[in-house]
Amino acid sequence: MMPAANIRPVEGILWTFGAGILFVMVNVLVKYLGPVMPAPEMAFLRYALGLVLLVPAIRQIMRLRLTRRQWGLFILRGALHSVGVALWFYAMATIPLADVTAMNYLSPIYVTIGAALFMGERLAMRRILAIVVGLVGAVVILRPGFREIGPGHYAMLVAAIVFAGSYLLAKHLTDETDPVAVVTMLSVWVTIGLIPIAAPVWVTPTWFQLGILFVTATFATVGHYLMTLGFRAAPITVTQPVTFLQLVWAVSLGAILFHEPVDPFVIAGGLMIIGAISYITWREHVIKKRAVTPPLPAQKML
């Protein structure tokens with residue numbers, strides 16, 4: 001729990017809002033390059049160019065004494081995330097921005113399920129119902145039998161599951177090692193993991209395309225940093241609702257820049273998923289608050 005004196009809700013909201021804008025700009029730039037560059041190549045170049053921004057962290061990692069098991073977990077997370085990133089880039093290039101953004105919100109739902117299956121976390125009935133609502137929201141977005149479901153939609157479904165697995169490993173590694181190492185090692189191993197995926201479809205990029213991908217990497221890196229500042233300034237129950245504005249930006253920019261129709265079912269399904277995540281986040285906050293709040297007799301003056 002964050003001490004009350006250290007909570008700065010307005011600052012946390014502003015940092016998170018800025019991060020959301022940058023993440024949506026990443027989506028827009030990837031969408032722009034989608035028709036002219038293979039998705040695995042875009043993903044590889046985005047992470048490879050992003051390594052330049054993480055060079056100062058390499059020395060800090062070199063001082064860490066990682067065990068063989070921790071190295072294995074870093075590599076496993078990198079492999080999982082490589083697959084997820086390649087699928088995400090493919091989905092971004094082939095389906096509307098709003099669809100990708102709404103379906104990406106499924107990752108926290110899958111994380112909750114994975115934590116119960118593999119980490120022994122208890123799922124109360126209300127949280128189970130919230131998960132069901134989130135999954136129904138995905139069905140509303142896809143509407144099988146009532147709309148054409150393209151490969152990009154299937155790619156995004158799998159990507160959300162893979163990202164959930166990556167997040168669970170990150171949660172475990174953050175408890176054992178330095179958070180900077182967790183972020184940097186992810187970028188290193190994802191870059192390596194994307195090489196065999198990108199090589200078969202490689203197309204020599206232009207300097208202009210490389211510039212756009214470097215800007216994309218910068219936006220993504222700064223966005224993650226701003227998100228971290230938001231988490232530091234205020235509890236996740238304050239900052240997380242702000243991240244859901246990304247759906248608003250995605251729908252708006254998709255319509256304005258790429259002439260994508262506004263699909264009310266995508267918005268409705270996205271709101272169902274958002275509602276489910278908001279409830280799960282709130283319940284986790286309440287449970288943690290109860291865990292650190294002293295029982296009533298302990299608060300009495302003796």
Side-chain angles (χ1 to χ4, degrees), residues 16 20 23-24 26-28 30-31 34 39 83-117 123-168 236-237 239-284:
T16 307
F23 289 147
V24 171
V26 168
N27 296 350
V28 169
V30 171
K31 185 77 174 177
V83 174
V85 167
L87 292 172
W88 182 87
F89 270 76
Y90 175 75
M92 183 60 64
T94 56
I95 63 177
L97 278 174
D99 289 41
V100 173
T101 304
M103 294 176 69
N104 196 47
Y105 287 135
L106 284 171
S107 285
I109 303 290
Y110 295 145
V111 166
T112 303
I113 297 173
L117 292 177
L123 281 183
M125 181 56 66
R126 285 178 291 185
R127 294 178 74 187
I128 293 175
L129 291 176
I131 291 172
V132 171
V133 170
L135 296 177
V136 171
V139 174
V140 171
I141 294 172
L142 295 174
R143 303 193 303 285
F146 295 92
R147 66 174 292 187
E148 181 181 357
I149 302 177
H153 292 97
Y154 292 115
M156 197 60 222
L157 282 174
V158 177
I161 295 173
V162 173
F163 284 144
S166 173
Y167 178 84
L168 288 171
I236 193 172
T237 49
T239 59
Q240 181 156 349
V242 182
T243 65
F244 299 140
L245 288 173
Q246 293 178 37
L247 182 59
V248 177
W249 312 141
V251 170
S252 303
L253 292 175
I256 295 171
L257 299 179
F258 303 105
H259 308 291
E260 296 172 350
V262 178
D263 189 336
F265 287 96
V266 172
I267 297 175
L271 291 176
M272 292 176 68
I273 296 172
I274 288 170
I277 298 172
S278 299
Y279 178 79
I280 291 171
T281 304
W282 174 77
R283 285 298 300 170
E284 289 180 354

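Values reported hereafter were calculated over all heavy atoms of this structure, with side chains retained and with hydrogens, waters and symmetry mates removed.
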Distance, nearest 0.5 Å, that separates OG of Ser166 from CD1 of Ile161: 14.0 Å
Atom pair CG (Leu157) and CG (Leu106), whose distance is rounded to the nearest 0.5 Å: 7.0 Å
Atom of Val24, atom of Ala250 and distance for their closest heavy-atom approach: CG1-N, 4.5 Å
I want to check something: taking the side chain as every heavy atom from C-beta on, are Ile131 and Tyr110 in contact at a cut-off of under 4.5 Å? no
So does Tyr167 have more than 12 non-hydrogen atoms from other groups sitting under 6.0 Å from OH? no
Could you tell me which non-hydrogen atom of Gly84 sits nearest to which non-hydrogen atom of Ala159, and how far apart they are? O-CB, 3.8 Å
Looking only at heavy atoms, the pair that brings Met156 and Asn104 closest together is CE-OD1, 3.4 Å
Flag the pair Thr101 / Asn27 as yes when at least one side-chain heavy-atom distance between them is below 4.5 Å, and no otherwise. yes
Could you check whether any side-chain heavy atom of Phe265 comes within less than 4.5 Å of a side-chain heavy atom of Leu142, counting everything from C-beta outward? no
Is Met103 close to Ile141 at the side-chain level, that is, under 4.5 Å between some pair of heavy atoms? yes
Can you tell me how far apart CZ (Phe89) and CG (Leu87) are? Round to the nearest 0.5 Å. 11.5 Å
Verdict with supporting geometry, Ile267 and Leu271, side-chain contact (heavy atoms from CB on, under 4.5 Å): CA-CA 6 Å; Ile267 297 175; Leu271 291 176; 4.1 Å; yes
In short, Ala98 meets Val251 closest at the heavy-atom pair CB-CG2, 3.6 Å
Could you tell me which non-hydrogen atom of Gly270 sits nearest to which non-hydrogen atom of Ala102, and how far apart they are? CA-CB, 4.1 Å
Ignoring hydrogens, what is the shortest heavy-atom contact between Val262 and Ala255? Give both atom names and the distance. CG2-CB, 4.2 Å
Side-chain donor/acceptor of Glu260 to backbone N/O of Leu97, under 3.5 Å: yes
